[in-house]
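Here's the structure, in structure tokens; my notes come after.
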Amino acid sequence: MTANVVRAPRTGFLSGARRSPLAKNRAAIAGLVILLPIILATVAPALLTGIQPNAQDLSASLQFPSGEHLLGTNKLGRDVWARLVYGAQPTLLGAFVVVIISGLIGIPLGLFAGYYGGRVEAVIMRVLDALLAFPALLLAILVVATFGRGLGTVVVALGVIYVPAMARLIRSVTLVQRSLAYVDAGRALGFSDGRILFRHILPNLVAAVVVQSTIDLAYAILDIAALSFLGLGQQPPDPDWGSMLSDGRAYLLQNAWPAISAGFAIMLAVVSFNLVGDGLRSQLDPRERER
Amino acid sequence: MVAYTLRRLIALVPVLLFVSFVTFGLVRLAPGDPVLIVLGGKKVDPATAEVLRQQFGLIGDPFSQYVAWLGRALQGDLGESYRLRQDVVSLISERLPLTLQLIGLSMLIAVAVAIPLGVIQAHRRNSVIDYAGSLLALIGLSSPVYFTAIIGVLVFAVGLGWLPAFGSGDDPLSRIHHLILPAVALALGTIALTSRMTRSAMLEALSSDYIEAARAKGLPEQTILVKHALRNALIPVVTVTSLQVGFLLVGSVLVETTLGLGGLGSLITDAIQNRDYPVIQATVLLLTVAFSLLNLATDLFYGVIDPRIRYR
């Protein structure tokens with residue numbers, strides 16, 4: 001037998017022979033590594049740049065990358081790197097708030113629907129299904145166009161629009177939990193429904209909530225960026241990835257750096273949450289783990 | 001099947017009523033007097049304002065306005081644009097073909113790429129092609145369509161000069177030429193989800209007993225893959241793919257705005273900029289109805305591809 005027939009099992013990023021949890025975890029770790037600087041920019045942007053994102057210098061318009069301006073400057077001579085760093089906050093924090101709103105409304109609704117069944121379930125799910133009839137981003141566009149553009153409106157609108165997905169998931173996992181012995185035991189001990197739901201069932205749903213939230217974060221970043229690309233989100237002059245991309249489009253042929261940087265920032269943020277979400281799912285969901 | 005289709009269509013009625021109510025209600029909640037928007041903020045004498053109110057159906061209490069609007073909408077009258085002073089239906093029908101062509105071409109590209117890709121990925125699991133496909137899927141899922149479109153312009157229009165950067169072309173051939181770039185950009189997300197789904201459904205199908213049996217019979221690999229495995233793997237794939245049409249609808253709004261295509265998408269974004277509420281209302285309503293009907297069509301299509309599913 002020649003040596004080249006025996007091959008060492010392949011390992012490494014994305015190789016994931018049989019998609020084992022370990023390999024998935026590597027992808028998740030890669031996601032976390034990408035995420036780190038993005039989170040740093042969200043929490044403490046001043047650590048990553050000393051330049052004010054709104055400082056104008058019209059004499060230094062549309063410059064290419066240099067030692068002074070890492071990613072060049074935009075039309076108004078603002079530093080693109082500084083705007084990129086400060087632009088993380090509206091997108092990332094916005095996405096977190098979207099997911100929190102959808103959880104605060106969606107989790108109780110899903111719990112009630114799954115636990116009580118019957119008419120409660122019918123009413124809740126009927127309303128949520130009707131909300132799902134709208135293509136999500138289109139409804140967001142309509143709501144934001146109505147109540148006034150701005151990051152606040154965008155975040156609240158998306159938060160509500162994300163409720164059905166969260167509630168449906170919680171309902172389906174609650175249905176499984178409801179039939180388990182510990183719920184009967186709780187009832188036999190005379191616990192109130194609220195106590196059973198929030199103290200006993202809810203802790204068992206944490207895994208599902210975490211996975212769904214991570215994936216939702218990726219979608220929320222995309223949706224926030226899309227709305228601000230359309231001019232409905234963060235308003236000028238404050239930096240924001242979506243609007244940077246939209247502004248940069250106008251002078252793409254002179255200097256593509258502002259548009260490209262913003263686009264890559266959005267993409268990397270979404271990639272990282274997708275990777276982490278996939279990794280968490282394969283760790284937390286036993287069915288996935290077998291694959 | 002017919003009875004089932006009818007029942008589903010009837011069940012759709014309250015949903016669409018809700019949708020129309022929300023669409024109408026939201027637009028009425030918008031701050032600012034519509035008449036002022038029509039006139040671009042100029043002062044008007046009360047008589048003119050009254051005529052305008054009459055013209056745009058703004059007379060009476062909100063609920064009766066809604067009923068009147070719905071009645072007219074059902075007769076195919078979706079009102080008049082504040083800004084362009086043109087019938088909304090004619091505006092939409094001018095713009096609709098381009099958007100449909102874009103979505104259609106995009107879907108075609110997505111299916112033509114994603115399903116073979118997913119089959120090959122499953123067949124040659126853990127090969128270079130498999131990893132490359134997974135990476136493509138990750139990027140496709142994560143890159144915003146408008147960014148993909150801009151990269152496409154920089155590479156294929158500015159850099160290589162193969163494709164036009166902006167505009168939509170006039171004759172059919174130049175139309176296709178102009179639409180390739182936006183359609184591919186739009187297709188990338190669908191390719192990602194569909195190839196992932198095809199891959200995992202194929203893997204499941206390939207590990208089942210009937211494939212073992214087919215192999216034991218000595219059937220050619222191609223027959224096993226396409227006739228036996230793929231046919232069974234197709235159901236989840238069809239679901240995912242057709243649900244994508246909704247995302248393509250929304251994505252087309254973004255791509256059209258990015259690349260300056262004069263379709264339905266740029267109609268919506270222009271309407272938002274100008275607070276042209278009748279146009280926003282009508283296009284959102286139309287797209288949502290289309291979205292709901294597509295979802296229904298998906299459900300019905302299961303019966304065609306999977307003979308085990310029988311609707312009662």
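Proteins come first, then strands; the chains are lettered A, B, ... in the order of their sequence lines, and each starts at number 1.
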Let me know if A:Leu132 has heavy atoms under 4.5 Å from chain B in its side chain, its backbone, both or neither.
backbone
Over 12 foreign heavy atoms within 6.0 Å of CZ, B:Phe24:
yes
Honestly, the part of A:Phe264 sitting under 4.5 Å from a heavy atom of chain B is both
A:Leu268, part contacting chain B, at a heavy-atom distance under 4.5 Å:
neither
Checked B:Val250, B:Val153, B:Leu249, B:Leu16 vs chain A; the most non-hydrogen pairs under 4.5 Å come from B:Val250
Atom OG1 of A:Thr146 and atom OH of B:Tyr277: how far apart are they, to the nearest 0.5 Å?
6.0 Å
Measure across A:Ala130 and B:Val19 and return the closest heavy-atom pair with its distance rounded to 0.1 Å.
O-CG2, 4.5 Å
What one should report as the nearest heavy-atom pair of B:Thr288 and A:Leu138 is OG1-CD2, 4.4 Å
Compare every heavy atom of A:Arg249 with every heavy atom of B:Thr258, then report the nearest pair and how far apart it is.
CA-NH1, 3.4 Å
Quick one: what part of B:Thr269 sits under 4.5 Å from any heavy atom of chain A, side chain, backbone, both or neither?
side chain
B:Leu138 CG to A:Leu275 CG distance, which is reported to the nearest 0.5 Å:
5.0 Å
With rounding to the nearest 0.5 angstrom, report the CG to CG distance, A:Leu252 to B:Leu154.
4.5 Å
Given that the side chain runs from C-beta out, which part of A:Arg149 has a heavy atom under 4.5 Å from chain B: side chain, backbone, both or neither?
side chain
Which answer fits A:Phe134, side chain, backbone, both or neither, if we ask what part of it has an atom under 4.5 Å from a heavy atom of chain B?
both
What part of B:Thr23 lies closer than 4.5 angstrom to a heavy atom of chain A: side chain, backbone, both or neither?
both
Starting at CD1 of B:Ile280, measure out to CD1 of A:Ile141 and round the result to the nearest 0.5 Å.
9.5 Å
Residue A:Trp257 excluded, over 12 heavy atoms near CH2 under 6.0 Å
no
Which atom pair, heavy atoms only, marks the closest approach of B:Phe147 to A:Leu245?
CB-CD2, 4.0 Å
Reported OG-to-CD1 distance for the pair B:Ser143 and A:Ile266, which is rounded to 0.5 angstrom:
8.5 Å
B:Ile268 versus chain A, the contacting section by heavy-atom distance below 4.5 Å:
side chain
Residues A:Phe147 and B:Leu26: closest non-hydrogen pair is CE1-CD2, 3.5 Å
B:Val15 versus chain A, heavy atoms under 4.5 Å apart: side chain, backbone, both or neither?
side chain
Contact class of A:Ala256 relative to chain B, heavy atoms under 4.5 angstrom:
side chain
Quick check for you: to the nearest 0.5 Å, what is the distance between B:Ile151 atom CD1 and A:Ile260 atom CD1?
3.5 Å
Name the member of A:Gly242, A:Ala269, A:Ala136, A:Ala225 that forms the most heavy-atom pairs with chain B at distances under 4.5 Å.
A:Ala225
